[in-house]
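Everything quoted here is computed from the prediction, not taken from an experiment. Each chain gets a letter, A, B and so on, in the order its sequence line appears, and its residues count up from 1. All values below were derived from every heavy atom in this structure, side-chain atoms included, with hydrogens, water molecules and symmetry-related copies excluded.
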Amino acid sequence: MKKILNDPFAYVDETLEGLCLVYPEYYERTGTGGRVIKRPGPAKKGKVGIVSGGGSGHLPVFTGYVGQGLVDACAIGEVFASPSVEQMVEAMKATDGGAGILRLYGNYGGDTMNFDMAGEMMEMEDVPTTTVKVTDDIASRPKTEIEKRRGVAGIVYAYKIAGAAAWAGKDLAEVTRIAQKAVDAVRSIGVALTPCTVPQAGRPTFTIADDEMEIGMGIHGEPGSRRGKLLPADEIAKEMLDALQADRPVGKGDRVSVLVNSLGGTPMEELFILYRKVKEYFDTLGATIVMPLVGRFACSMEMQGASFTVLKLDAELEELLKAPADCAFWKVG
Amino acid sequence: MKKILNDPFAYVDETLEGLCLVYPEYYERTGTGGRVIKRPGPAKKGKVGIVSGGGSGHLPVFTGYVGQGLVDACAIGEVFASPSVEQMVEAMKATDGGAGILRLYGNYGGDTMNFDMAGEMMEMEDVPTTTVKVTDDIASRPKTEIEKRRGVAGIVYAYKIAGAAAWAGKDLAEVTRIAQKAVDAVRSIGVALTPCTVPQAGRPTFTIADDEMEIGMGIHGEPGSRRGKLLPADEIAKEMLDALQADRPVGKGDRVSVLVNSLGGTPMEELFILYRKVKEYFDTLGATIVMPLVGRFACSMEMQGASFTVLKLDAELEELLKAPADCAFWKVG
Amino acid sequence: MALDKQSLAAGFARVAAHMEKASDHLNELDGRLGDGDLGVTMLRGSREVAKVLPDLPDDLGKALMTCAQAFTRASGSSFGTLLAAALLSAAKTLKGRTEAPWSEIPALLQGALDRMMALGKANLGDKTVLDALAASIKAMQGMSDPAAMASAGIAATETTIAAMKDQPNKIGRAGNMAARSIGNEDPGQVAWLELLHGVKG
Amino acid sequence: MALDKQSLAAGFARVAAHMEKASDHLNELDGRLGDGDLGVTMLRGSREVAKVLPDLPDDLGKALMTCAQAFTRASGSSFGTLLAAALLSAAKTLKGRTEAPWSEIPALLQGALDRMMALGKANLGDKTVLDALAASIKAMQGMSDPAAMASAGIAATETTIAAMKDQPNKIGRAGNMAARSIGNEDPGQVAWLELLHGVKG
Ligand SMILES: Nc1ncnc2c1ncn2[C@@H]1O[C@H](COP(=O)(O)OP(=O)(O)O)[C@@H](O)[C@H]1O
Ligand SMILES: Nc1ncnc2c1ncn2[C@@H]1O[C@H](COP(=O)(O)OP(=O)(O)O)[C@@H](O)[C@H]1O
Ligand SMILES: [Mg+2]
Ligand SMILES: [Mg+2]
Ligand SMILES: [Mg+2]
Ligand SMILES: [Mg+2]
């Protein structure tokens, strides 16, 4: 394991400590064990709160997207592990402005069980809450089981759009509808070249040969759809774009936003090389790319690889996508 | 070599192509072989032009810092290789607003020879030019040969400060003085954990054992000051901070800005873990950290490791550091 | 006497005391095929609950909710979450009441079981705590004495554990090693047994 | 006749024609210990220069500057940059003049040599193009006929190449393998020889 860290069991807490020291204007630590990150100051009165949560090791996801026009609070688990119910409840309480709370998170077993529980607890205290789970990874399940798909980088779009709706003062039902609409419009697929190492485990999450890649692999190393020889960038891009296109076709005149995301270890140079092909692909389809995002948005620490996320827009989604937002890792407007 | 690319000989051109497709509002390609990136539109009349250049593979350095309040144009070489004289001349011509041009780049042999030549060519055309070379890497030479030190991540501060001065309308002599003042005030040191691979070479730039790190290594794999067992994050941080402190002491009441930079493969989590120790160190000295920067600013593709850069501020430098700036990779104000 | 704030607090206090002794064994059982944290979950969880017992609200719903929240403070592991869900299900049913007859216990447990199945997406027969709980409910049916109910539950759970020992686990971490789980008592079922022992005192 | 726009253009045209034949050999020499791009540098560079010859300005300074810029268009390698620096040094000296006597050539070359040394930070004796240039200047001293100067330079360069062949390179890529460079002609010195052959025609 080649990582710059101290005690592996302090990895998450020290990360959060550093994060808040660098950006006190964006992030405030609270909750049991300091495992809730919220926007500084009190919850905004009358605004629907948006709460997320999940395992660590994915920065900027999930914690990094706490900010104006984005997420209000986030509960943080160990690397690749769910936060506890208690921490989720604390995140919701920290962001309760009296207008209800949307739980918006990636579809993973532990997170779901805990967030459901946490939601019931809030309801016992008469705080209305709703749930929208992000299920964008097309490689995780066939289209017939779409609601069981796991969530990957597409959550960034869900945060942005739901966040803008809540910031604009829409009510809980409306924010929930819009968040679900964003989830329905978003699809992702990834390719992994190398594994990463969970600090407490001390060994790579999976093994893969020096000349191999795995298309469709999940951000925790969950099996993908195809393992094979490492292909040239343009061929990798085409294979992933074809898969996305088969799952949810984009056609002439459509407007989409595209996120070309590094899993962490893959450098910006390679993302730009991939983006050429993405642009060409949508040009050929006659579709327009709006606000392309290229960079590290949802990572798996040092894992090499990349993912593509396509968000199909309509007027409502596009307006919300372009609305101002501000966190340490992403500024819009 | 595990990289997402097509023809290794097209690596740089495809990277620039993608960069400009994603950010047409920030970057425009021009020059022989499209190896100059400039701010879109004509040069700003009456403003001192700031031109940089260097090898590829370091994004966001150098190209990424073309933007308002930063660099006006950049000449781009192959991975880790100098751009040509012609490309440098083109970069300068693209940014000639009639107020002269500052060449601001990292101190490497090939770049220096070519930039000197290019400068003479501009002077033959009666365009006044000056040179400031960034020499921040304390591990590359002893203090007695300070002007021979190579440039690493400190260039980011030099860009920011000189860029703000030029943007504010100061003349060439003044912009040059301020750029040199920034260089004199900045010091860096890095630690490398893994090598990276130059696409055209196809093999790692150096070898290092699985449990080793090298303190002081350069961003192209130039030898550092000490190779040894990988230490805990806090000890690595202390060793680097002590070296910086020995080279240019920071004391009680001083104001500094600090850049904790990933060489590419090292994830954000680890940078935040390092930053805790940085903050503690300067707190103990009684110094104040202003506008800390944590992230990927000057990389070596997928190389794992990190660098610390300390900029000692006075009122003039601090004002310029905080002035607005805008490029795709960095927004201030 | 009936189920109220006092008897609830007394029951949880007995469970907490019992877990101080039982947790090592649960860790050991869970460690054979799982991650060995079940005893820790139960011990830390019930210690957290013990802390809130002196200040429980009169409303049984709120009281159970307070206990559920306290339990989850210690842990994010599966059994802890399922148990909290069970408490929360009872809390919902009893919301607004300060007293409930003992005879309502089997119905409350049935509600809890339904909630745990909905939450954990497991079925009866998967060799989990659910099977022990289902058997306990059946055995308690029609009773109204709490001690007798606990005894009946203990007997039914012991029978279940013994009967299922040689079946494969079908869910959770142990479910990933279904074959190897044959011959092992399910740790969650044993945890339920220890809970009942604690309640009975 | 003297050095002016016409004679300058004619000389560069002869060099460009000669490089079409000489470049392979230069690549081969540079490839033994260097990166094998010297012939490419000379060929592409002089082809680029050939393109600008029809439209050279009358001002000799501007004309040489145009040639220097054209040469660097093709390459960022060391010899190309040094040669461009040499041309630029002459351009600076001749700026504003449309004619110069042939007798000024040795002084122009000395200025170029100084510039190349300042730029490349190498010294005489390092077994580089500098040694060939220095020997040529010495041999041309006091002459005023261009053909005779070229011949003298060729003879002096040949002597230098032969004399230094068995010494180690001390600078540049080949300098990294000083020991292995013994026995090899320095490619930059040979490139200078070929340049003079081209000029002479
Ligand atoms: N989805 C589920 N539904 C019902 N019971 C479950 C489920 N998952 C685990 N269990 C029960 O919990 C016990 C393990 O608890 P625990 O150690 O807390 O789980 P883990 O450490 O795997 O999160 C199992 O023996 C089983 O009885
Ligand atoms: N710093 C220097 N000073 C003088 N001459 C040099 C220098 N570096 C290289 N040369 C000359 O250039 C020749 C190699 O030229 P070239 O192939 O263009 O260099 P490279 O490919 O290493 O950049 C050498 O044989 C030597 O004569
Ligand atoms: Mg367990
Ligand atoms: Mg567990
Ligand atoms: Mg060469
Ligand atoms: Mg070369």
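Interatomic distance, B/Ile236 CD1 to A/Leu5 CG, rounded to the nearest 0.5 Å: 8.5 Å. Within the model, atoms CG of A/Leu271 and CG of B/Leu59 stand 10.0 Å from one another, a figure rounded to the nearest 0.5 Å. The distance from atom CG of A/Leu311 to atom CG of A/Leu321, rounded to the nearest 0.5 Å, is 6.5 Å. The CE atom of B/Met303 sits 10.5 Å away from the CG atom of B/Leu193 when rounded to the nearest 0.5 Å.
Across all non-hydrogen atoms, the minimal contact from B/Val332 to B/Ala323 is CG1-O, 3.5 Å.
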Dump the table of donor-acceptor contacts under 3.5 Å between chain B and chain A, or return none if there are none.
| unit_1 | atom_1 | unit_2 | atom_2 | d |
| --- | --- | --- | --- | --- |
| B/Lys2 | NZ | A/Leu193 | O | 2.6 |
| B/Lys2 | NZ | A/Ala209 | O | 2.6 |
| B/Lys2 | NZ | A/Glu212 | O | 2.8 |
| B/Ile4 | N | A/Glu270 | OE1 | 2.8 |
| B/Leu5 | O | A/Ala233 | N | 2.9 |
| B/Asn6 | OD1 | A/Ala233 | N | 3.2 |
| B/Asn6 | OD1 | A/Asp234 | N | 2.9 |
| B/Asn6 | ND2 | A/Asp234 | OD1 | 3.0 |
| B/Glu14 | OE1 | A/Arg276 | NH1 | 3.4 |
| B/Glu17 | OE1 | A/Arg276 | NE | 3.3 |
| B/His58 | N | A/Glu269 | OE2 | 3.4 |
| B/Leu59 | N | A/Glu269 | OE2 | 3.0 |
| B/Leu193 | O | A/Lys2 | NZ | 2.5 |
| B/Ala209 | O | A/Lys2 | NZ | 2.7 |
| B/Glu212 | O | A/Lys2 | NZ | 2.9 |
| B/Ala233 | N | A/Leu5 | O | 2.9 |
| B/Ala233 | N | A/Asn6 | OD1 | 3.2 |
| B/Asp234 | N | A/Asn6 | OD1 | 2.9 |
| B/Asp234 | OD1 | A/Asn6 | ND2 | 3.0 |
| B/Glu269 | OE2 | A/His58 | N | 3.3 |
| B/Glu269 | OE2 | A/Leu59 | N | 3.0 |
| B/Glu270 | OE1 | A/Ile4 | N | 2.9 |
| B/Arg276 | NE | A/Glu17 | OE1 | 3.4 |
| B/Arg276 | NH1 | A/Glu14 | OE1 | 3.4 |

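If you tally non-hydrogen atom pairs under 4.5 Å between each of B/Cys196, B/Gly64, B/Gly18 and chain A, the highest count goes to B/Gly18. Ranked by heavy-atom pairs under 4.5 Å with chain B, the list A/Gly57, A/Gly295, A/Ala306 is led by A/Gly57.
Side-chain atoms of B/Phe308 and B/Val260, non-hydrogen and from C-beta on, do get closer than 4.5 Å to each other. The closest side-chain heavy-atom distance from A/Val71 to A/Phe62 is not below 4.5 Å. For the pair A/Leu274 and A/Met240, the minimum side-chain heavy-atom distance is 4.5 Å or more.
Looking at A/Ile4, both its backbone and its side chain come within 4.5 Å of chain B, counting heavy atoms on both sides. Interface remark: B/Ile208 contributes backbone and side-chain atoms alike to the contact with chain A (heavy atom separation under 4.5 Å).
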